Asker: 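Below: one structure in structure tokens.
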Amino acid sequence: MKKNLLLYILLPVLAASSCCGPKDGIYRLQLFTTNDVHGCYFDSLYVSDGTRQSLYAVSHYVDSVRTADGAENVILVDAGDCLQGDNAAYYYNYVDTLTPHLYARMANYMGYDAVAVGNHDIETGHPVYDRIARQLDMPFMAANAIRNDNGKPYFADYTIVRKNGLKVAILGFTNPNIKNWLSEELWEGMHFESLLPLVQQDVDKVIAKEHPHVVIVAVHSGTGKGDGSMLESQGLDLYGTLEGVDFLICSHDHRPAVYAKDDICLINSGSHCRNIGHGVITLEVKNGKVESKELSAGLVPVRKGTVDTEMRDIFRPDFEAVRAFTLKPVGGLVRDMRTRDAYTGMCDYTNLLHTLCLSCTPAQISFAAPLTFNGYLKAGTLVYNDLFTIYPFENQLFVVNMTGREIKDYLEFSYDAWINTVSGKPGEHVLKISDKPDPRTGQKRWSFVGRAYNFDSAGGLDYTVDVTAPHGSRVKIVSLADGTPFDMSATYNVAMTSYRASGGGAIMREGAGIDTDNIGSRVVAKYPEIRDILYDYLTEHGSIDPAAISAPEVVGRWSFVPEDLAGRMLAADMALLFD
């Protein structure tokens, strides 16, 4: 009884001492960051014995530092897009919805201090991201996702963590451009504000209220140019203006980057667990106050073979469950299929996408792009994993009403992102490619200047694209696929992804001149996710047969012209890209 009484007497004293701040001295905290993990939870692949960078490897590295320097000196933060991009994420998003979500369990195991919300996390829909917010042991943050009913953040806005007596404030924000990519039903009940000036306003409020020793801001926003021109990439805009922030964590664009000044560092680790962002802050505390700070930042390349074996053993049953699901046979493929064939004209891959889109009433025309940069499917039995190669995103299908003029302008804009105007002179390239290292992977190879998933072609039309003509005069539409004359003043029902209809790639807004903020007034039909439509097609037809998906009276005909010139130059460009 005396022992318990002593404990009751000491508890208030201990609590008071723990809240009075750090002792005088030198402190060194290490910050580790991830972003755009995109489902790279496991190190093992599902259809082969290969390995990849993964959260297992990230966990091993961070834990090695915790062991060496003390867990009380390590901070771990993710900047979003953790719930999409891989079979494992899909499985726990939509198939096994009863088991606690795999990502939440992994993040809890790894001891993240905070996770920001990414646009692809919002893309999973309320049932998924609301479940994740409940199951994470740390806050799921997006201070600029504002509730429509009360004006408060829908997600957590900031958190305070104690590290070796120091008070660390972590604020999280999502991408403000979400409404231009995702159907409103996915983010119903909220809206998204620009990071400028909101981040600074929130930082000022947190500093005034909490008096932290260290301030970290995690934004699911690209690094950008720093000129205020890119709503989706405001990283450098913030870096150049924020006050009172020690580390700014960026993401979204998959481009590794580090910027450092005396008073703030910016870290973007890229994507897919290829790097870990690393920041170090050294503080001197005197009389309970921070007298000085020194900051540094860099990137740590992830070694895929050096993993947390205990973590791998714990989550092995989850891997096996996902593997069994994705290796389930779903149908057949009559002929080998390559997604890269889409860059040079009509092919089995885009014919399949157009066939799926045009099968949805009341679609007359379809837009589709190669969504896997260089995927390959071998003829034979298809398993569910192959459906992710054909269609990697969870996009719905929308049917949108457009005029003939808007369709023509849309295609002009799309091809302008895809090809150059050429005359056949040496050194010219039909495809818009560059021999600079890929900013996302760092590979020294030829790559597209733009994003291939925005290279839309049309199905249901007969048309040509003249590579010798300038933008605005390249596309010549002859007729609909059934021979009906194409009328610039007529209206047509056009099938496209929900991403495109909502403004993704800016083709609808900047190309066709359509206000995507009010796209609902033009949507005449909505269908489930396109991968589900593909699965249903295989269930009904049994296989993907080129003869069945290439009917010209359905998908139409299109080609680059003049054929001799375009064919020769396209072959040369494709050799640079892929050989």
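Because the structure is a prediction, the values reported are computed rather than measured. Computation of the quantities below employed the complete heavy-atom set of this structure, encompassing side-chain atoms and omitting hydrogens, waters and symmetry-equivalent molecules.
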Asker: Tell me, with the steps shown, if R52 and D43 meet salt bridge (Lys or Arg N to Asp or Glu O under 4.0 Å).
Answerer: CA-CA 5 Å; R52 63 178 179 183; D43 63 334; over 6 Å; no
Asker: Should the ring pair F455 and F448 be called parallel, tilted or perpendicular, given that the plane angle runs from 0 to 90° and is split at 30 and 60?
Answerer: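 Correct class here is perpendicular.
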Asker: Using modelled atom types and a 3.5 Å cut-off, is there a donor and acceptor pairing between side-chain atoms of S251 and backbone atoms of D36?
Answerer: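 Pair absent, no side-chain N/O of S251 close to backbone of D36.
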Asker: Should we say atom CG of D262 is surrounded by more than 12 heavy atoms from elsewhere, each under 6.0 Å from it?
Answerer: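 It does not: D262 CG has 12 such atoms or fewer within range.
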Asker: With a 6.0 Å cut-off (strictly less than), is the heavy-atom count around NZ of K167, excluding the residue itself, greater than 12?
Answerer: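 Counting neighbours around NZ of K167, more than 12 heavy atoms of other residues, nucleotides or ligands fall under 6.0 Å, so yes.
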Asker: Within 45° of the ring axis of Y27 and under 6.0 Å from its six-membered ring centre, is that where the NZ or CZ of K163 lies?
Answerer: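 Here K163 fails the 6.0 Å and 45° test against Y27.
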Asker: When the ring planes of Y91 and F325 are compared, do they come out parallel, tilted or perpendicular, using 30° and 60° as the limits?
Answerer: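 It falls in the tilted class, 30° to 60°.
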Asker: Could you check whether atom CD of E320 has more than 12 heavy atoms from other residues, nucleotides or ligands sitting under 6.0 Å from it?
Answerer: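 For E320, atom CD is crowded (more than 12 foreign heavy atoms under 6.0 Å).
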Asker: Could you walk me through whether F315 and Y56 satisfy the ring pair (Phe, Tyr, Trp, His ring centres under 6.0 Å) test, starting with their C-alpha distance in whole Å, then the side-chain angles of each, then the deciding distance to 0.1 Å, before giving a yes or no?
Answerer: CA-CA 10 Å; F315 294 102; Y56 292 165; 7.1 Å; no
Asker: Within a 6.0 Å radius of atom NZ on K261, are there more than 12 heavy atoms belonging to other residues, nucleotides or ligands?
Answerer: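 Enclosed: over 12 neighbouring heavy atoms sit under 6.0 Å from NZ of K261.
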Asker: More than 12 foreign heavy atoms under 6.0 Å from CZ of R303: is that the case here?
Answerer: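 Open: at most 12 neighbouring heavy atoms sit under 6.0 Å from CZ of R303.
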Asker: Between F373 and F578, how do the two ring planes meet: parallel, tilted or perpendicular, split at 30° and 60°?
Answerer: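 Ring orientation of F373 relative to F578: tilted.
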Asker: Please examine the side chains of V280 and L31, heavy atoms only from C-beta on, and report whether any two atoms are closer than 4.5 Å.
Answerer: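 Sidechains of V280 and L31: no contact.
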Asker: May I ask you to check whether Y154 and H126 place their ring centres under 6.0 Å from each other?
Answerer: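 For H126 and Y154, the ring centres are under 6.0 Å apart.
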Asker: Please confirm whether the backbone N or O of Y94 pairs with a side-chain atom of T97, one donor and one acceptor, at under 3.5 Å?
Answerer: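 Not a single qualifying donor-acceptor pair exists.
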Asker: Is there a side-chain contact between V115 and V77 (heavy atoms, below 4.5 Å)?
Answerer: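 No; the side chains remain at least 4.5 Å from each other.
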Asker: For N164 and N73, what are the C-alpha separation, side-chain angles and deciding distance, and is it a side-chain hydrogen bond (donor to acceptor under 3.5 Å, both in side chains)?
Answerer: CA-CA 6 Å; N164 205 2; N73 295 310; 3.1 Å; yes
Asker: In Å, rounded to the nearest 0.5 Å, how long is the span from OH of Y453 to CZ of R500?
Answerer: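 One gets 9.0 Å once the value is rounded to the nearest 0.5 Å.
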Asker: Any chance you could lay out the salt bridge (Lys or Arg N to Asp or Glu O under 4.0 Å) test for K225 and D227, step after step, and finish with the verdict?
Answerer: CA-CA 6 Å; K225 300 178 181 179; D227 60 2; 5.2 Å; no
Asker: Under the 3.5 angstrom rule, does the side chain of N108 hit a backbone N or O of Q135 as a donor-acceptor pair?
Answerer: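 Between the backbone of Q135 and the side chain of N108 there is a qualifying donor-acceptor contact (under 3.5 Å).
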Asker: Taking the side chain from N35 and the backbone from I249, do they hold a donor-acceptor pair closer than 3.5 Å?
Answerer: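 No; zero donor-acceptor contacts below 3.5 Å.
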Asker: Using a 6.0 Å distance limit plus a 45 degree cone around the ring axis, check whether R105 lies over the aromatic ring of Y92.
Answerer: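 Yes; both conditions hold, so R105 lies above the ring face of Y92.
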Asker: Side chains of I276 and T33, heavy atoms from C-beta outward: is any pair under 4.5 Å?
Answerer: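 No; the side chains remain at least 4.5 Å from each other.
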Asker: Please determine whether side-chain hydrogen bond (donor to acceptor under 3.5 Å, both in side chains) holds for the pair S271 and R274, giving the CA-CA distance in whole Å, both sets of side-chain angles, and the decisive distance to 0.1 Å.
Answerer: CA-CA 6 Å; S271 70; R274 297 187 183 101; 2.9 Å; yes
Asker: For W187, which of F155, W181, F192, Y129 qualifies under ring-ring contact (aromatic ring centres under 6.0 Å, His included)?
Answerer: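 Answer after filtering F155, W181, F192, Y129: F192.
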Asker: Give, for atom NE2 of H220 and atom OG1 of T174, the distance between the pair rounded to the nearest 0.5 Å.
Answerer: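 Rounded to the nearest 0.5 Å, the NE2-OG1 separation comes to 6.5 Å.
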Asker: Evaluate the ring planes of Y46 and F319, with Trp represented by its six-membered ring, and classify them as parallel (under 30°), tilted (30 to 60°) or perpendicular (over 60°).
Answerer: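 Answer is parallel, since the angle falls under 30°.
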Asker: Taking atom CG of D157 and atom CD1 of I170, what is their separation to the nearest 0.5 Å?
Answerer: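 Atom-to-atom, D157:CG and I170:CD1 are 12.5 Å apart.
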Asker: For the CD atom on E72, are there more than 12 heavy atoms of other groups (residues, nucleotides or ligands in this structure) within a distance under 6.0 Å?
Answerer: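 Yes, CD of E72 has more than 12 neighbouring heavy atoms, counting only those of other groups under 6.0 Å.
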Asker: Is there a donor-acceptor pair under 3.5 Å between the side chain of E193 and the backbone N or O of I146?
Answerer: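 No, E193 side chain to I146 backbone: no donor-acceptor pair under 3.5 Å.
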Asker: State whether Y90 and R531 meet the cation-pi test: NZ (Lys) or CZ (Arg) under 6.0 Å from the six-membered ring centroid, and within 45° of the perpendicular axis.
Answerer: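 The answer is yes; both the distance and angle limits are met.
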Asker: Run the salt-bridge test on R147 and D149 with the 4.0 Å N-O cut-off and return the result as yes or no.
Answerer: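 Counted as a salt bridge, because a side-chain N and a carboxylate O are separated by less than 4.0 Å.
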Asker: Between V307 and M311, is any pair of side-chain heavy atoms under 4.5 Å apart?
Answerer: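 The answer is no; the side chains never approach within 4.5 Å.
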Asker: Nearest 0.5 Å, what's the OH-CG distance between Y239 and L266?
Answerer: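 Going from OH on Y239 over to CG on L266, the span is 7.0 Å.
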Asker: Within the side chain of T516, is there an N or O that forms a donor-acceptor pair under 3.5 Å with the backbone of R509?
Answerer: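 Flag not set: sc T516 to bb R509 has no pair under 3.5 Å.
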Asker: Tell me if the CD atom of Q201 is crowded by more than 12 foreign heavy atoms within 6.0 Å.
Answerer: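 Counting neighbours around CD of Q201, more than 12 heavy atoms of other residues, nucleotides or ligands fall under 6.0 Å, so yes.
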Asker: What's the verdict on salt bridge (Lys or Arg N to Asp or Glu O under 4.0 Å) for K289 and E291, showing C-alpha distance, side-chain angles and the deciding distance?
Answerer: CA-CA 6 Å; K289 295 182 179 180; E291 287 288 312; over 6 Å; no
Asker: Can you name the nearest heavy-atom pair linking G222 to D253, along with the distance?
Answerer: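 Minimum heavy-atom separation between G222 and D253: CA-OD2, 3.6 Å.
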Asker: Step by step, would you call H272 with Q53 a side-chain hydrogen bond (donor to acceptor under 3.5 Å, both in side chains)?
Answerer: CA-CA 7 Å; H272 297 85; Q53 287 96 340; over 6 Å; no
Asker: Run the salt bridge (Lys or Arg N to Asp or Glu O under 4.0 Å) check on R316 and D313 step by step: do they pass?
Answerer: CA-CA 5 Å; R316 184 72 188 184; D313 290 342; over 6 Å; no
Asker: Checking the side chain of D81 only, and the main-chain atoms of H120 only, is there a donor and an acceptor separated by less than 3.5 Å?
Answerer: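 Answer holds: yes.
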Asker: Does a side-chain heavy-atom distance below 4.5 Å link I267 with F247?
Answerer: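 Yes. Closest side-chain heavy atoms under 4.5 Å.
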Asker: Are any non-hydrogen side-chain atoms of S269 and L299 less than 4.5 angstrom apart?
Answerer: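 Yes, side chains in contact.
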Asker: Any side-chain to backbone donor/acceptor pair from S233 onto M230? Under 3.5 Å, distance only.
Answerer: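 No; judged by distance alone, with no hydrogens or angles, the pair does not exist.
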Asker: Look only at the side chain of D237 and the backbone of L196, and say whether a donor-acceptor pair between them is shorter than 3.5 Å.
Answerer: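 Flag not set: sc D237 to bb L196 has no pair under 3.5 Å.
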Asker: Taking atom OH of Y259 as the centre, does the number of heavy atoms from other residues, nucleotides or ligands within less than 6.0 Å exceed 12?
Answerer: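 No, not enclosed.
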Asker: Looking at D263 and K293, does any basic side-chain N land under 4.0 Å from a carboxylate oxygen?
Answerer: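 No, no charged N to carboxylate O under 4.0 Å.
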Asker: Taking side chain to side chain contact (heavy atoms under 4.5 Å, CB included) as the criterion, tell me which of L83, D121, N93 meets it with Y103.
Answerer: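 Filter result, single survivor: L83.
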Asker: When you measure from the side chain of D86 to the backbone of C40, do you find a donor-acceptor pair of N or O atoms at a distance under 3.5 Å?
Answerer: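 Such a contact is absent between D86 side chain and C40 backbone.
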Asker: Evaluate side-chain contact (heavy atoms from CB on, under 4.5 Å) for E123 paired with N395, printing each intermediate quantity in order.
Answerer: CA-CA 8 Å; E123 186 179 33; N395 293 326; 3.3 Å; yes
Asker: Using 0.5 Å steps for rounding, measure from the CD1 atom of I207 to the CG atom of D202.
Answerer: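 One finds 11.0 Å between CD1 of I207 and CG of D202.
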Asker: Apply side-chain contact (heavy atoms from CB on, under 4.5 Å) to residues Y499 and N454 and explain how you reach the verdict.
Answerer: CA-CA 10 Å; Y499 170 81; N454 289 324; 4.1 Å; yes
Asker: Is any side-chain heavy atom of L55 less than 4.5 Å from a side-chain heavy atom of M110?
Answerer: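 Yes, side chains in contact.
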Asker: Any chance you could measure T223, atom OG1, to Q234, atom CD, to the nearest 0.5 Å?
Answerer: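 Between atom OG1 of T223 and atom CD of Q234 there are 12.0 Å.
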